[in-house]
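Structure first, then comments.
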Amino acid sequence: MMPADNHTFFVPVTYILTGILGTEESHVWISIPFCLMYIVTLFGNSLLLFIILTKQSLHEPMYLFVSMLAAADLLLSTTTVPKMLAVFWFRAGEISFAACLTQMFYIHVSFIAESAILLAMAFDRYVAICDPLRYTIILSKSLVGKIGLAVVTRSFCFIFPTIFLVKQLKFCRTNRLPHTYCEHMALARLACNDITVNFWYGIAMAILVIGLDAVLIAVSYGLILRAVFRLSSKDARLKALRTCSSHICVILMFYTPSFFSSFAHRFGHIIPGYILNLLANLYVVIPPMLNPIVYGLTTKEILKEVMNVFHWWCRRSSLLS
């Protein structure tokens, strides 16, 4: 790209992802936990998908939603972490403008999809606890398929305008992006014209999509708790709450950092840049890594199938040796 002064607009050809500014000498050491977490993410979510999709007994709404969550986690982490590691290991931060927009698109699509999937899972738990006799009638496989299609459609519809907004921006500054992946507001801040529309569209999307999903999930759990505490048996109450424990853990792991990350990128002048960068990087690897662990350890049906897979693998390894 030819350099340009502050008064000359240009069409960006490539960007340079700089990694975490201020920690360049420690990039190799920082990359080690990220690499290990990515490996665990790939293995855990792939195993979860394999077990759910191949075991007919797990073709129930709850587990189908878990498989959707695993797919979204794989998309989010695979879209970001390989390039992140390339920046840390080889300083290979070059990324074309088209590839940057594509990466940004899929990061935000998977983010909004996960929120919608968590909402669908809350609805699943609500029906299972508050109207168990009609559970299979209400949450038929047809409805689950339609929900999955709606999740994907909604994500694309909300994120597509961000691509249009970024492509309308005029750039006249550096092409160095102080990040390890392409994020909407980080990219928009490199523009020289007004980014007010980008700023408020991001805020509106966070409130209308993520905020609304969180409110509806909270309402669902309010109704669930009301139904649970109306049960006469203490054992029945504990069993009902236990079925929600894994989902609640995943909700907290997703929404707590996502709200912070979303607003921190828009009010980043308050927080040091390297802290924002590190937290943003952790956000795309920690929830995808922990989600399959949470469901694997807290859901006895999935845990049973995981143990069967490991027993099969151990027997096969012993025979081959």
Side-chain angles (χ1 to χ4, degrees), residues 44-45 48 51-52 55-73 112-148 150-151 154 207-260 286-307:
N45 286 288
L48 202 58
I51 288 173
I52 293 173
K55 295 297 179 181
Q56 191 66 34
S57 60
L58 296 181
H59 289 184
E60 297 179 8
M62 173 184 172
Y63 304 114
L64 293 175
F65 288 135
V66 171
S67 69
M68 292 180 195
L69 188 67
D73 284 337
I112 290 182
E114 285 206 30
S115 180
I117 294 166
L118 291 175
L119 175 58
M121 294 169 80
F123 176 66
D124 169 81
R125 292 299 84 204
Y126 166 76
V127 176
I129 292 173
C130 299
D131 198 359
L133 298 179
R134 297 204 306 147
Y135 178 77
T136 55
I137 298 173
I138 296 173
L139 279 166
S140 63
K141 288 184 179 179
S142 173
L143 179 61
V144 172
K146 290 176 182 177
I147 290 174
V151 166
R154 187 186 81 149
I207 294 172
L208 293 176
V209 179
I210 311 301
L212 181 59
D213 288 350
V215 169
L216 292 175
I217 290 172
V219 170
S220 297
Y221 270 97
L223 296 173
I224 288 171
L225 289 174
R226 187 180 69 173
V228 166
F229 288 114
R230 285 180 176 177
L231 297 174
S232 57
S233 169
K234 181 180 178 181
D235 290 339
R237 289 197 294 269
L238 289 175
K239 183 179 179 181
L241 290 174
R242 201 176 297 120
T243 63
C244 300
S245 60
S246 54
H247 185 227
I248 292 172
C249 289
V250 171
I251 287 171
L252 292 175
M253 288 189 300
F254 176 81
Y255 282 107
T256 303
S258 67
F259 274 115
F260 176 81
I286 289 183
M289 177 190 69
L290 293 179
N291 288 347
I293 296 174
V294 168
Y295 278 107
L297 294 178
T298 61
T299 309
K300 64 180 182 179
E301 291 83 0
I302 293 178
L303 181 60
K304 177 184 175 182
E305 296 299 337
V306 169
M307 296 306 296

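Residue numbers count from 1 along this sequence.
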Side chain proximity check, [X] to [Y], heavy atoms < 4.5 angstrom:
| X | Y | value |
| --- | --- | --- |
| Tyr135 | Met62 | yes |
| Tyr63 | Lys55 | no |
| Cys249 | Thr298 | no |
| Glu114 | Asn291 | yes |
| Val151 | Met68 | no |
| Leu58 | Glu301 | yes |
| Val66 | Met121 | yes |
| Phe123 | Val127 | yes |

Minimal non-hydrogen separation, Ile117 against Leu69, with atom names
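Heavy-atom minimum between the residues: CD1-N, 3.9 Å.
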
Does [Y] offer a backbone N or O that forms a donor-acceptor pair with the side chain of [X] under 3.5 Å?
| X | Y | result |
| --- | --- | --- |
| Ser245 | Arg242 | yes |
| Asp124 | Ala120 | no |
| His247 | Leu118 | yes |

With a sphere of 6.0 Å drawn around OH of Tyr126, does it hold more than 12 non-hydrogen atoms of other residues, nucleotides or ligands?
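12 or below, so no.
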
In Å and rounded to the nearest 0.5 Å, what is the NZ to OG distance from Lys146 to Ser140?
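With rounding to 0.5 Å, NZ (Lys146) is 7.5 Å from OG (Ser140).
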
Return the CG to CG distance between Leu216 and Leu119, rounded to the nearest 0.5 Å.
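With rounding to 0.5 Å, CG (Leu216) is 5.5 Å from CG (Leu119).
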
